[in-house]
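Have a look at the structure below, then the notes.
By convention in this document, chain letters (A, B, ...) are assigned in the order of the sequence lines, proteins followed by strands, and residues within each chain are numbered from 1. Since the structure is predicted, the reported quantities are computational estimates derived from the model, not experimental observations.
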2 protein chains.
Amino acid sequence: MVGIKDVAKAAGVSISTVSRVLSNGEYVSDDVKERVHAAVEALQYRPNRVAQSLRSQKSQIIGLIVADIQNPFFTAVSRYVQDAAYENGISVFLCNTDEKADKESQYIDLMHEENVAGIILAPTHQSHSSINRIINLHIPVVVIDRQVENTSIDSVYIDNTAAAYKLTLHLLENGYRKISAIIGSGSTTGKLRYQGIIQALYENNIAADKFLLRFVNATLNEGYTSTLELLDSDNRPDALIATNGLLAAGAFRAFRERKISIPDEMGFACFDETIWTALMDPPITVISQPTQDLGRTAVELLLNKINDPSNAAREVMLKSTLIPRESTKRNGQEK
Amino acid sequence: MVGIKDVAKAAGVSISTVSRVLSNGEYVSDDVKERVHAAVEALQYRPNRVAQSLRSQKSQIIGLIVADIQNPFFTAVSRYVQDAAYENGISVFLCNTDEKADKESQYIDLMHEENVAGIILAPTHQSHSSINRIINLHIPVVVIDRQVENTSIDSVYIDNTAAAYKLTLHLLENGYRKISAIIGSGSTTGKLRYQGIIQALYENNIAADKFLLRFVNATLNEGYTSTLELLDSDNRPDALIATNGLLAAGAFRAFRERKISIPDEMGFACFDETIWTALMDPPITVISQPTQDLGRTAVELLLNKINDPSNAAREVMLKSTLIPRESTKRNGQEK
DNA sequence: CTGAAAGCGCTAACAA
DNA sequence: TTGTTAGCGCTTTCAG
């Protein structure tokens, strides 16, 4: 391993001079600068970030904690977080919690032990203690995909309630009345979306039906079985909303199996645009979330906080978009 | 920050004793052990991995370098790699190269600077120098998704050629003759799959047609435009193979747009099972790759190498599975 | 069985 | 403008 000492020797200077050249280059003569750079080049020297981190108590690593990278929403977000991090020479630890509190807290320990510069956290609804934990550890944090009551925390989220409201309204406008939803129970976004749905229902004088609005684990399988229950009941809805991509796939499978005709027999819409939603038969109406913006903004906020922890916390709300497609267009009925 | 010193003081022992208790616990009296553990508990002490890493020249971090986490194959693999890593108390850096050589090499530098314990690399076809680089840096590495000529490297890959052969045969057996393919050009798996395809063609006395077998960038858009070209030519194929999920989605979009009826007018199959493939209309025949096995095996091999670098390199080939569905079943024609 | 002491590779005062 | 020095928090000989 070639260390700063080797470079110093090769360049005929002291190690602190090398360090100086490599960090900012101030107060160093051009001559020395050149010699150092030449030596670095010749020896293929790369500073040891572990040593840097230990000594300076800073690091170039951030943690990204999400429920499941296979959830298309998080896949997209994590991609964009990584892009933004890469542009800043930062590495990212990716962690899947599966919405398990114990995994989440273990990962936070890990992040702490690795002395990460900051954490981007997509919390489950039980994450209150996790967030406090991170704060007590004095680790800069930005929370994504959720609004946090504690005003001193940076956060980026989308207009969940408004989006769900908009989507429900869209269904109503297309003639659907008996609207059901399968809602991810692990995340807080689920609750917010639920609120948007019942608000739209309420404003249109439709009584909320507990049976039709279901909180389930955000997995394909739960989406499937839950939809099946809905379909097989004598209280069958005429439209269904799935609050994420996994649930949507499960619901779709159930429709297939029961040979439900969409959009005539049943309207269908979901959250999260993926490469497949537009290609289904029929194409699915979705709420598209601004994942790229979300990822980049999260990194931006985090770096801000890291660079100056005294910076006031910011709260950024991003707008999602309704993409109307065939799956909610009742026969001939145009909006 | 609470350090080992604080624990030592609280337990009334020296720091080396604390270290000993925490590392293996050998040669320490039960009494002392208890006191140390109590102090650790009381102070909520967590060892600083950065210091550990610097001092011991080991680390608990591995790097995972893939082309694009949004490629469903890599999404799945990375999830399973992370699961396996988590079970071993290891963190993972995730890096997307977009198949760009410069990004790949920058990430390798980064991994080196962060002193990672090892790297799991899904190489592009230009990765030869990257691999050499990693080896020169003495970083344990396992290559996934590709067979490496250098026999001293651990690798896990699937039977790409055989899978493509099997898939092509399936198409032929279902009465398709003019078989085309859009093949990801960035990865080496593409070439292997190409070989499987032409082998099947050759054995069935079908002349290979350069026009029909195309190497393209593994993106949705290239899949789309390339398929469009195929469809609009006067040399239109009667079946298409897409060698990954992104290309498949692009192809499907093209079919939609040209209102191609599948499987009658055109047979269609692709690599990579996702939650959507079975839900399309018609359901798509796929080659399902053993992503979970791949991820876990990669971690296993890597840990082996890390624990004892003198271990002989192993090469593991995993079998993929053909899942026949409607998209390759010509009207009434049963295999 | 336990403690003292020497660093891992680097940064940041402080001197010169 | 440059070098000397003292650690960052921990592991690991080497004595005791």
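- Within the 4.0 angstrom heavy-atom criterion, base atoms lie near B/S19.
- By the 4.0 Å N-to-carboxylate-O rule, B/R296 lies too far from B/D83 to be salt-bridged with it.
- Candidate nucleotides D/dT1, C/dC10, C/dC1 were compared by shortest atom distance to the side chain of B/Y27, and C/dC1 ranks first.
- Listed candidates were C/dG9, C/dA6, D/dT2. Nearest to the side chain of A/R20 is D/dT2.
- The interatomic distance linking A/K9 (NZ) with D/dT2 (P) rounds to 20 Å, in whole Å.
- Summarising the geometry, atom CD belonging to A/E114 is positioned 12.0 Å from atom CG belonging to A/D109; distances are rounded to the nearest 0.5 Å.
- Closest to the A/S29 side chain, of the nucleotides C/dC10, D/dT2, D/dT11, is D/dT2.
- Within 4.0 Å of B/V32, counting heavy atoms only, lie sugar-phosphate atoms of the nucleic acid but no base atom.
- Taking the six-membered ring for Trp, B/Y107 and B/F93 have ring centres at least 6.0 Å apart.
- Atom CG of A/N48 is separated from atom P of C/dT11 by 9 Å (rounded to the nearest Å).
- If you measure from atom CD of B/E113 to atom P of C/dG9, you get 15 Å, rounded to the nearest angstrom.
- Separating the CG atom of A/N115 from the C1' atom of C/dC10 is a distance of 14 Å, rounded to the nearest angstrom.
- Rounded to an integer number of Å, the gap from CD of B/E26 to C1' of C/dT2 is 15 Å.
- For A/Q52 and C/dT11, the shortest distance from a side-chain N or O to OP1 or OP2 is below 4.0 Å.
- Picking from D/dT4, C/dG9, C/dG7 the nucleotide with the shortest atom distance to the side chain of A/S16 gives D/dT4.
- Heavy-atom nearest nucleotides on DNA chain C were determined for B/V13 and for A/P47, and the one closer to the 5' end corresponds to B/V13.
- As rounded to whole Å, 12 Å separates atom P of D/dT1 from atom CG of A/D31.
- The CD atom of A/Q57 sits 5 Å away from the P atom of D/dG9 (whole-angstrom rounding).
- Of the residues B/L318, B/I144, B/D293, the one that meets the side chain to side chain contact (heavy atoms under 4.5 Å, CB included) test with B/I158 is B/L318.
- B/S23 contributes a side-chain N or O that, together with a main-chain N or O of B/R20, makes up a donor-acceptor pair within less than 3.5 Å.
- B/T17 has a side-chain polar atom (N or O) that falls below the 4.0 Å cut-off from OP1 or OP2 of C/dG3.
- For the pair A/I15 CD1 and D/dT4 C1', the interatomic distance rounds to 9 Å; values are reported in whole Å.
- Distances were taken from every side-chain heavy atom of B/M1 (C-beta onward) to each of D/dG9, C/dC10, D/dT2; the shortest belongs to D/dG9.
- The side chain of B/S14 lies closest to C/dA4, out of C/dG9, D/dT2, C/dA4.
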